[in-house]
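Here the structure is a predicted model, which is why all the values come from computation and not from measurement. So you know, we letter chains A, B, ... as the sequences are listed, proteins then strands, and number each from 1.
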There are 2 protein chains.
Amino acid sequence: MSLRHAVLIALQNEEATGYEIAKWFDQGMGYFWSSTHQQIYQELRKMVVSELLTFREVSQSGKPAKKIYTITESGINELKSWLEKPVKQYVVKDALLMKIYSGHLLAPEKLLQEILTQQNHARELHTKYDEIEKKWFSEKENLSLQQQYIFLTLRNGIIQADAWLKWSHEVVEFLEGKIEQTSNPPKH
Amino acid sequence: MSLRHAVLIALQNEEATGYEIAKWFDQGMGYFWSSTHQQIYQELRKMVVSELLTFREVSQSGKPAKKIYTITESGINELKSWLEKPVKQYVVKDALLMKIYSGHLLAPEKLLQEILTQQNHARELHTKYDEIEKKWFSEKENLSLQQQYIFLTLRNGIIQADAWLKWSHEVVEFLEGKIEQTSNPPKH
DNA sequence: GGCGTCATGTAAAAGGTTACATGATTCC
DNA sequence: GGAATCATGTAACCTTTTACATGACGCC
């Protein structure tokens with residue numbers, strides 16, 4: 001039930017609307033947890049019932065009224081006790097690896113094309129990470145404690161992206177070799 | 001709906017029982033897709049209804065009867081058409097990163113402890129990968145096409161594990177610095 | 001006129017987890 | 001005597017995704 005805890009983290013130092021939390025999931029937190037606005041609105045309502053949050057409604061002219069959620073004492077306690085407990089073991093679910101596992105059933109050209117597309121995504125992501133680092137983390141001495149921890153998560157993104165790119169180069173090389181073999185079959 | 005396709009991959013070159021497929025998920029395929037026997041039995045039944053599989057029951061002495069599932073023509077076609085379509089973008093869901101993101105709310109000792117535990121898991125996994133490589137992939141010349149592709153997935157595991165360990169060392173160093181600072185606060 | 005942003009939601013379906021259940025056999 | 005292996009399943013619950021829905025405002 002980590003969505004609940006992601007929301008508590010979001011609200012931990014400032015109140016926000018469901019809409020803002022959803023946006024946060026598409027940006028910062030989105031690099032390691034994801035959700036949709038539908039799920040978030042549901043969860044926020046449940047969390048009010050469980051008294052982890054309170055909210056006040058603010059009417060606006062020309063826009064629908066918004067609900068601003070604030071974490072309660074009990075919410076902070078719930079977050080802290082979650083932080084103390086070990087997380088459950090990370091499980092990979094990677095359909096691309098499944099595909100490669102059965103790559104012999106597919107034309108290498110097709111697989112190559114897909115890997116190259118993914119490689120472009122990975123490169124874009126890497127560039128984005130670099131920009132974030134430059135913009136927010138260039139002066140390492142002036143970072144707040146909170147920012148120092150966030151920087152560690154950015155480092156994770158960068159290192160993982162590097163590793164993925166390294167691996168994908170091996171895959172591309174392999175597939176290009178296969179494709180060449182098919183067009184110039186080895187002579188006996 | 002990738003469980004379905006994982007099952008098709010499992011049955012693609014040999015028939016198997018639900019029990020065997022479940023075991024396969026705990027071993028080979030388990031490195032990038034996971035499931036439980038409950039879910040697999042359900043899915044197998046649905047796939048028979050969809051005519052992707054057929055099965056025959058084999059009674060055994062002293063053991064419950066087993067159902068041996070075989071992929072159909074239509075199942076092979078379904079698998080092939082899935083392989084042709086790009087997979088949907090991989091999304092990370094990593095609760096540990098969430099925790100680090102809000103690491104400032106937790107004693108660094110606690111976080112350190114958890115990272116060290118995870119590091120041990122990662123090292124064990126790495127060792128297991130190395131063993132698999134030695135046992136099955138040491139003679140690169142004699143690998144079947146299928147094995148060559150499986151080797152690529154193993155390389156992914158190794159590279160990702162290396163990257164994760166590299167990152168975790170940065171985190172450990174950071175946390176140890178924090179812990180030292182607390183016991184010997186800097187003088188002004 | 002259309003698209004993007006702000007701001008909320010309902011409802012159904014699909015996918016995944018957890019608890020419970022059975023029962024023989026083999027190995028320590 | 002107890003644990004692990006073989007082999008299957010039901011049921012409840014929780015989580016996630018997808019489809020549908022509304023409506024004003026500002027920008028190009």
Side-chain angles (χ1 to χ4, degrees), chain A residues 1-8 10 15-27 29-30 32-50 53 55-69 82 87-95 98, chain B residues 1-8 10 15-27 29-30 32-50 53 55-69 82 87-95 98:
Chain A
M1 208 201 266
S2 290
L3 172 60
R4 171 157 296 194
H5 300 108
V7 168
L8 289 172
E15 51 180 32
T17 63
Y19 188 82
E20 286 162 347
I21 295 171
K23 263 203 315 190
W24 181 66
F25 272 106
D26 283 344
Q27 296 157 20
M29 175 59 54
F32 38 90
W33 205 266
S34 55
S35 195
T36 57
H37 73 97
Q38 290 92 333
Q39 213 189 339
I40 291 162
Y41 286 129
Q42 286 301 127
E43 191 62 36
L44 285 168
R45 244 178 296 129
K46 282 191 222 159
M47 289 169 79
V48 170
V49 173
S50 308
L53 308 178
F55 73 97
R56 58 200 162 86
E57 229 167 330
V58 177
S59 49
Q60 304 174 104
S61 57
K63 283 180 199 170
K66 61 182 175 185
K67 289 178 186 167
I68 301 175
Y69 290 89
W82 177 76
V87 293
K88 53 181 169 180
Q89 191 48 47
Y90 182 78
V91 280
V92 187
K93 284 212 161 179
D94 190 333
M98 235 165 81
Chain B
M1 207 202 268
S2 290
L3 172 60
R4 171 159 296 197
H5 299 108
V7 169
L8 289 172
E15 51 181 30
T17 64
Y19 188 82
E20 285 163 348
I21 296 170
K23 262 203 318 189
W24 181 65
F25 272 107
D26 282 344
Q27 297 158 16
M29 174 61 50
F32 39 89
W33 205 266
S34 56
S35 195
T36 58
H37 73 98
Q38 290 91 333
Q39 213 188 341
I40 291 162
Y41 287 128
Q42 287 301 127
E43 191 62 37
L44 284 168
R45 244 177 299 130
K46 282 191 222 157
M47 289 169 79
V48 171
V49 173
S50 309
L53 307 178
F55 74 96
R56 60 201 160 86
E57 231 167 328
V58 176
S59 49
Q60 303 173 105
S61 59
K63 285 179 197 171
K66 60 184 176 182
K67 289 180 186 166
I68 300 175
Y69 290 88
W82 178 76
V87 294
K88 52 180 170 180
Q89 192 47 47
Y90 182 78
V91 280
V92 188
K93 284 215 161 180
D94 191 333
M98 235 166 81

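Side chains of Gln39(A) and Phe25(A) form no contact here, defined as non-hydrogen atoms less than 4.5 Å apart.
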The contact string for nucleotides 15-21 of chain D, one letter per nucleotide 5' to 3', using protein heavy atoms under 4.0 Å with B, S and - for base, sugar-phosphate only and none, comes out as SSBBBB-
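Ring orientation note: the planes of Phe55(B) and Tyr69(B) are tilted relative to one another, at an angle of 30° to 60°.
Atom-to-atom, NZ of Lys67(B) to C1' of dC6(D) comes out at 15 Å; the value is rounded to the nearest Å. Rounded to a whole Å, the CG atom of Asp26(A) is 11 Å from the P atom of dT5(C). Spacing between atom CD1 of Ile21(B) and atom P of dG9(D) amounts to 12 Å, rounded to whole angstrom units. Atom CZ in Phe25(B) sits roughly 13 Å away from atom C1' in dG16(C) (whole-Å rounding). Atom CD1 in Ile40(B) sits roughly 11 Å away from atom P in dT17(C) (whole-Å rounding). Atom NZ of Lys66(A) is separated from atom P of dC25(D) by 16 Å (rounded to the nearest Å).
Under 4.0 Å is where a charged nitrogen must lie from a carboxylate oxygen, and between Arg56(B) and Glu15(B) at least one such pair does.
When distances run from any side-chain atom of Gln42(B) to the nucleotides dG9(D), dT8(C), dT10(D), the shortest one goes to dT10(D). With dA7(C), dG9(C), dT10(D) as the choices, the nucleotide that has an atom nearest any side-chain atom of Tyr19(A) turns out to be dA7(C).
Residue Arg45(A) places at least one side-chain N or O under 4.0 Å from the OP1 or OP2 atom of dT10(C). Contact between the side-chain N/O atoms of Tyr41(A) and the OP1/OP2 oxygens of dG9(C) is not found at any separation under 4.0 Å.
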(message) As a quick check of understanding, evaluate side-chain contact (heavy atoms from CB on, under 4.5 Å) for Glu20(A) and Trp24(A), giving each step before the final call.
(response) CA-CA 6 Å; Glu20(A) 286 162 347; Trp24(A) 181 66; over 6 Å; no
(message) Lys46(A) vs Arg4(A), test: side-chain contact (heavy atoms from CB on, under 4.5 Å). Steps then yes/no.
(response) CA-CA 9 Å; Lys46(A) 282 191 222 159; Arg4(A) 171 157 296 194; 3.8 Å; yes
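In this structure, Tyr19(B) has no ring pair (Phe, Tyr, Trp, His ring centres under 6.0 Å) partners at least two apart in sequence or on a different chain.
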